[in-house]
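Structure first, then comments.
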Amino acid sequence: MNNSEIQIQFPRPGEWGEFTLTAIYQDKGGYRPPARYTADDIPADQALAMQAVVAALVGLAEPWQAVQVWARLKEFYAPEEDDPMRTAETVDLTVEAVNPQGGRRVFTSRDYPAFVIMEPAAVEFFRFFTKDERV
């Protein structure tokens with residue numbers, strides 16, 4: 001079981017270029033202090049995967065805007081004709097959003113299937129920030 005998580009906070013809802021990404025994961029000695037990154041800290045080769053996360057968030061129904069996202073690595077049942085037991089790793093998003101009236105709501109992939117991101121780049125992005133070689 002993977003207990004790693006990435007949290008992304010957007011200080012200004014709807015402005016996706018400014019965020020703080022916090023990686024929470026277990027290293028060999030237990031849970032390590034969270035590592036925090038800003039938009040400027042994201043390596044260029046990981047930027048496309050971050051854009052996939054933002055693209056999923058843009059699909060929120062008006063007037064909701066994401067303020068915080070929790071991303072977790074999940075196994076998704078994805079059978080194919082030649083392999084009925086096939087699974088694929090995905091990044092699953094849980095999103096806390098606000099509206100202009102001050103309402104707050106949590107959305108999951110049950111509300112928005114696009115919150116299950118199946119692109120391999122998204123899985124690599126998750127692993128990049130949660131592997132224990134990072135300091």
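Note that this is a predicted model, so its numbers are computed, not measured. Along the sequence shown, the residues carry numbers beginning at 1.
Ionic pairing of Glu124 and Lys131 is not present here: no N-O contact between side-chain nitrogen and carboxylate oxygen is shorter than 4.0 angstrom.
In this structure the side chain of Thr90 never reaches within 4.5 angstrom of the side chain of Val123, judged on heavy atoms.
By the rule that hydrophobic residues join a cluster once side-chain heavy atoms approach within less than 4.5 Å of another member, Leu73 and Trp70 end up as members of separate clusters. Hydrophobic clustering (ILVMFWY, side-chain heavy atoms < 4.5 Å, transitive): Val67 and Val95 are in distinct clusters. Residues Phe128 and Phe19 share a hydrophobic cluster, clusters being chains of Ile/Leu/Val/Met/Phe/Trp/Tyr side chains in contact below 4.5 Å.
Rounded to the nearest 0.5 Å, atoms CG (Leu21) and CD1 (Ile6) are 5.5 Å apart. Here the CG-CE distance, from Asp92 to Met118, works out to 11.5 Å after rounding to the nearest 0.5 Å. The CG atom of Leu93 sits 4.0 Å away from the CD1 atom of Ile117 when rounded to the nearest 0.5 Å. Interatomic distance, CH2 of Trp64 versus OH of Tyr112, reported as 9.5 Å (0.5 Å rounding).
A pairwise comparison of heavy atoms in Ser4 and Phe126 identifies O-CZ, 3.5 Å as the closest pair. For the residue pair Ala39 and Gly17, the shortest heavy atom distance occurs at CB-O, 3.3 Å.
When Arg127, Lys74, Arg72 are each tested for a salt bridge (Lys or Arg N to Asp or Glu O under 4.0 Å) with Glu89, only one passes: Arg127.
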Could you list the donor-acceptor pairs under 3.5 angstrom formed between side-chain atoms of residues 7-16 and any protein atom two or more places apart in sequence or on another chain?
from  : atom 1 : to    : atom 2 : distance (Å)
Gln7  : NE2    : Glu5  : OE2    : 2.7
Arg12 : NE     : Glu15 : OE1    : 3.2
Arg12 : NH2    : Glu18 : OE1    : 2.6

Output a table of donor-acceptor pairs, distance under 3.5 Å, between side-chain atoms of residues 99-110 and any protein atom two or more places apart or on a different chain; print 'none' if there are none.
from   : atom 1 : to     : atom 2 : distance (Å)
Asn99  : OD1    : Gln101 : N      : 3.1
Asn99  : OD1    : Gly102 : N      : 3.2
Asn99  : OD1    : Gly103 : N      : 2.7
Arg104 : NH1    : Glu96  : OE2    : 2.7
Thr108 : OG1    : Arg110 : N      : 3.2

Show me the donor-acceptor pairs, under 3.5 Å and distance only, between side chains in residues 41-55 and residues at least two apart or in other chains.
from  : atom 1 : to    : atom 2 : distance (Å)
Asp41 : OD2    : Thr38 : N      : 2.8
Asp41 : OD2    : Thr38 : OG1    : 3.3

